[in-house]
Number of protein chains: 2
Amino acid sequence: MSRSTVTPQSQPATSDSIARALSLAIHEHRIAPGTKLGEDELAEIYGVSRTVVRAALQGLSHVKLIDIRRNKGASVASPSLTEAHEVFEARELLEPRTARSAAARATPEDIALLERHIADEHAALEAADPGRALYLSGLFHNEIARIADQATIAGFIETLVARSSLIIALYWRRESALCEKHAHHALVRALAEGDATQAEDLMRSHLVDLHSALDLRERNARAPSLKEALSQ
Amino acid sequence: MSRSTVTPQSQPATSDSIARALSLAIHEHRIAPGTKLGEDELAEIYGVSRTVVRAALQGLSHVKLIDIRRNKGASVASPSLTEAHEVFEARELLEPRTARSAAARATPEDIALLERHIADEHAALEAADPGRALYLSGLFHNEIARIADQATIAGFIETLVARSSLIIALYWRRESALCEKHAHHALVRALAEGDATQAEDLMRSHLVDLHSALDLRERNARAPSLKEALSQ
DNA sequence: GAACACAAAATTGTATACAATACAAGTTTC
DNA sequence: GAAACTTGTATTGTATACAATTTTGTGTTC
């Protein structure tokens with residue numbers, strides 16, 4: 001049954017679960033920027049009507065992971081270079097402050113969780129699963145925002161981190177790991193020590209470093225078929 | 001005909017136009033926090049099917065102007081005190097930087113537009129239309145963000161300004177004008193002179209001032225009927 | 001009057017049918 | 001061969017019907 005293949009629960013897919021699945025696929029680069037997201041195709045994949053798919057697509061559109069053009073349909077967003085710079089600028093403005101707050105609030109459980117994220121990211125890289133590593137790398141940033149306990153700003157950061165995965169798909173220049181290993185380790189150390197100023201500075205330079213790794217040339221990547229990308 | 005009363009155009013209302021109309025009504029305090037937004041009722045008011053209304057409501061939900069609970073419907077959001085503080089904190093983080101950028105970029109046309117906003121706001125206050133004044137006051141902030149030419153951050157600010165109107169409806173303590181007259185004038189002067197540091201400082205203190213005007217007690221306001229509020 | 005049970009009505013969630021628009025393929029004209 | 005036109009197909013936008021859930025109203029019991 002198509003449902004149990006794509007959504008391993010006994011319940012029908014909801015718009016929320018579909019949006020989450022698509023978001024994860026985009027984040028892990030299983031769906032490339034520019035990929036057309038047809039309503040009928042997704043409805044068939046998830047075993048629901050177009051109504052539910054449309055709601056999911058609208059949700060994704062609001063966080064700018066996809067573009068919906070009236071009468072023309074939905075596709076995975078392809079941020080322009082300008083948007084790419086804007087996203088990283090916004091992160092450079094928000095995340096250092098968030099790291100500062102997180103350093104003042106982090107519990108040992110928080111630190112342990114962040115360390116597990118780093119370990120999982122490296123495991124994914126060694127398993128030749130860069131998409132998974134990228135997702136976990138982004139999640140690391142989202143977790144710091146959660147620890148900072150400012151939900152409004154954490155929501156913005158989550159959006160920016162998700163969009164970053166699109167930008168990385170299009171503009172990333174380096175061959176190495178996406179977020180360098182030592183940057184995340186150093187951040188966790190600063191959080192563990194409650195060193196707010198250090199955490200803030202480290203986060204700022206980490207993001208400036210990421211921003212500097214954007215390439216000025218656009219790239220194209222072969223897009224796997226939609227069904228292929230979503231069958232996990 | 002119901003359509004031409006509420007939407008003075010010959011075309012049927014779209015989900016976008018409905019979302020905009022509702023957003024304006026919320027912003028001007030014609031619809032109060034907590035007001036139930038029934039799909040059938042809105043569908044009748046706007047002369048469209050529930051499908052279009054649902055799309056509009058989803059859009060408003062994504063910017064947190066309304067809350068949608070599964071199986072229970074949509075209502076205008078009532079931000080908690082915590083959310084209120086978060087929203088103003090986020091504004092204090094984003095808007096000073098935006099004012100700084102705007103000061104470096106403002107054209108004479110931009111300045112003239114901002115001055116018109118201030119004049120219109122005062123006219124609205126003298127016409128005993130505080131809702132309109134509030135909307136224009138918020139728009140002033142959105143315009144500065146637009147001048148700063150960073151669409152990603154401007155988008156966040158727009159969301160925060162809209163949510164601020166809900167917060168003001170619930171928590172505002174002062175009887176006087178919502179944004180004090182001289183604060184906006186001083187900002188425009190700093191922008192006109194290209195004084196980035198002054199613009200940044202003025203914006204920060206303006207927002208800190210707004211934040212300090214939040215009351216700790218919640219208030220209730222009589223909610224006009226939905227049709228009444230939307231008939232403009 | 002309060003609490004409970006049940007039925008009816010209202011509302012929300014979803015599927016499906018139909019209308020509107022865009023796209024692709026084939027044909028005609030220059 | 002390129003451009004314009006026509007036709008058929010695919011896709012998106014919307015209304016409507018039906019299913020599922022919640023709310024309201026009514027009656028009964030204590």
Who pairs with [X] by side-chain hydrogen bond (donor to acceptor under 3.5 Å, both in side chains), at least two apart in sequence or on another chain?
| X | answer |
| --- | --- |
| B:R163 | B:E83 |
| A:E39 | A:R50, A:R54 |
| A:D40 | none |

Solution key, residues 58-65 of chain B side-chain donor-acceptor pairs under 3.5 Å, sequence neighbours excluded:
unit_1, atom_1, unit_2, atom_2, d
B:H62, ND1, A:H62, ND1, 3.1
B:H62, ND1, B:Q58, O, 2.8

Distance, rounded to the nearest Å, where B:E44 contributes CD and C:dT11 contributes P: 11 Å
B:E41 CD to C:dA9 C1', straight-line distance once rounded to whole Å: 16 Å
side-chain contact (heavy atoms from CB on, under 4.5 Å) involving A:S15 - partner list, sequence neighbours excluded: A:V52, A:A55, A:A56
Annotated protein contacts, base or backbone, on nucleotides 8-14 of chain D with a non-hydrogen cut-off under 4.0 Å, one of B, S, - each: ----BBB
